[in-house]
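Position 1 is the first residue of the sequence, and the numbers go up from there.
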Amino acid sequence: MQVFQGVKHVNAIAIQSCATNATVTSNTIDTLGFNELQICVMRETHATAGFSALTIQEADADAATSFATTSGLVAGTDYTVADAIGGTSAAVTNVSFVANIDLRGKKRYFRVLVTPATATGYVASHAILGKGEVSAADSAAGVAELVNTPD
């Protein structure tokens, strides 16, 4: 029996340094053939501030000018940003933001925009597509090698 069938992984933002008030834009996440999307944004320990902006956008076409903010995922409007993500805390280490998105009624392409507030820091993002129409082989699953435990 295979577990996690119909799942695809996407490295949206390779770990990178992001300067104060600069925005990192992720790679495009193509959701064609999937019903669920989980976007994880990770950042390193911070002692001064978190993100001033963390935006999830969607579009019908994979063109930079086509993307618009995803309804229901607007920080500060649709949900309250946790202190660990947007606040100041020297004690917070390696925090993650996770958005679970039901793709029914959504557009095909997604991307993430991240802006650190007052200090340069490292950020990364990973996306997992779920409930795919077809069980994915290694390359279709977005990984170099896919290993399942034996039955």
Side-chain angles (χ1 to χ4, degrees), residues 1-44 46 49-87 92 94-148:
M1 174 177 100
Q2 288 189 349
V3 294
F4 294 106
Q5 294 182 35
V7 174
K8 180 178 180 180
H9 296 263
V10 177
N11 287 321
I13 300 173
I15 190 165
Q16 62 184 279
S17 177
C18 184
T20 302
N21 293 317
T23 299
V24 172
T25 301
S26 76
N27 296 322
T28 300
I29 303 163
D30 185 351
T31 66
L32 182 65
F34 294 90
N35 294 313
E36 295 177 343
L37 170 62
Q38 183 178 72
I39 297 175
C40 304
V41 179
M42 296 79 61
R43 66 183 181 80
E44 68 174 340
H46 69 96
F51 301 133
S52 62
L54 194 159
T55 305
I56 297 173
Q57 297 180 327
E58 62 183 307
D60 285 325
D62 185 10
T65 57
S66 299
F67 284 87
T69 302
T70 302
S71 178
L73 292 172
V74 179
T77 300
D78 297 318
Y79 64 92
T80 302
V81 179
D83 285 343
I85 299 296
V92 175
N94 302 319
V95 296
S96 297
F97 165 88
V98 176
N100 292 318
I101 303 166
D102 181 345
L103 294 173
R104 292 175 294 182
K106 298 283 193 250
K107 297 183 180 186
R108 176 176 172 178
Y109 300 98
F110 281 78
R111 71 181 186 182
V112 180
L113 287 80
V114 181
T115 307
T118 60
T120 298
Y122 286 89
V123 64
S125 180
H126 185 82
I128 301 170
L129 293 154
K131 291 192 178 176
E133 295 171 0
V134 178
S135 184
D138 296 2
S139 60
V143 298
E145 184 172 4
L146 179 64
V147 178
N148 285 303

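Expressed to the nearest 0.5 Å, how far OG of Ser125 lies from CZ of Arg111 amounts to 13.0 Å. Here Asn11 contributes atom CG and Ser26 contributes atom OG; the two are 11.0 Å apart, rounded to the nearest 0.5 Å. The CD atom of Glu58 sits 11.5 Å away from the CD1 atom of Ile29 when rounded to the nearest 0.5 Å. From Ile13, atom CD1 reaches atom NE2 of His126 across 12.5 Å, with rounding to the nearest 0.5 Å. Considering CZ of Phe34 and NZ of Lys8, their distance stands at 6.0 Å, rounded to 0.5 Å.
The shortest distance between side-chain heavy atoms of Ile128 and Leu37 does not fall below 4.5 Å. Between Leu129 and Thr31, the closest side-chain pair of non-hydrogen atoms falls below 4.5 Å. Using a 4.5 Å heavy-atom cutoff, the side chains of Leu54 and Leu113 are not in contact.
Legend: salt bridge (Lys or Arg N to Asp or Glu O under 4.0 Å) pairs involving residues 20-33, not counting sequence neighbours, sorted by first then second residue: Asp30-Arg108.
Checked against Cys18 for a side-chain contact (heavy atoms from CB on, under 4.5 Å), the options Thr23, Thr115, Val24 give a single hit: Val24.
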List, one per line, each side-chain donor-acceptor pair under 3.5 Å for residues 60-73, sequence neighbours excluded.
from	atom 1	to	atom 2	distance (Å)
Asp62	OD1	Thr28	OG1	2.8
Thr70	OG1	Ile56	O	3.3

Got a list of side-chain donor-acceptor pairs under 3.5 Å for residues 97-107, not counting sequence neighbours?
from	atom 1	to	atom 2	distance (Å)
Asn100	OD1	Gln38	NE2	2.7
Asp102	OD1	Arg104	N	3.0
Asp102	OD1	Arg104	NE	3.0
Asp102	OD2	Arg104	NE	3.1
Asp102	OD2	Arg104	NH2	2.4

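For the residue pair Ile15 and Ala124, the shortest heavy atom distance occurs at CA-CB, 3.8 Å.
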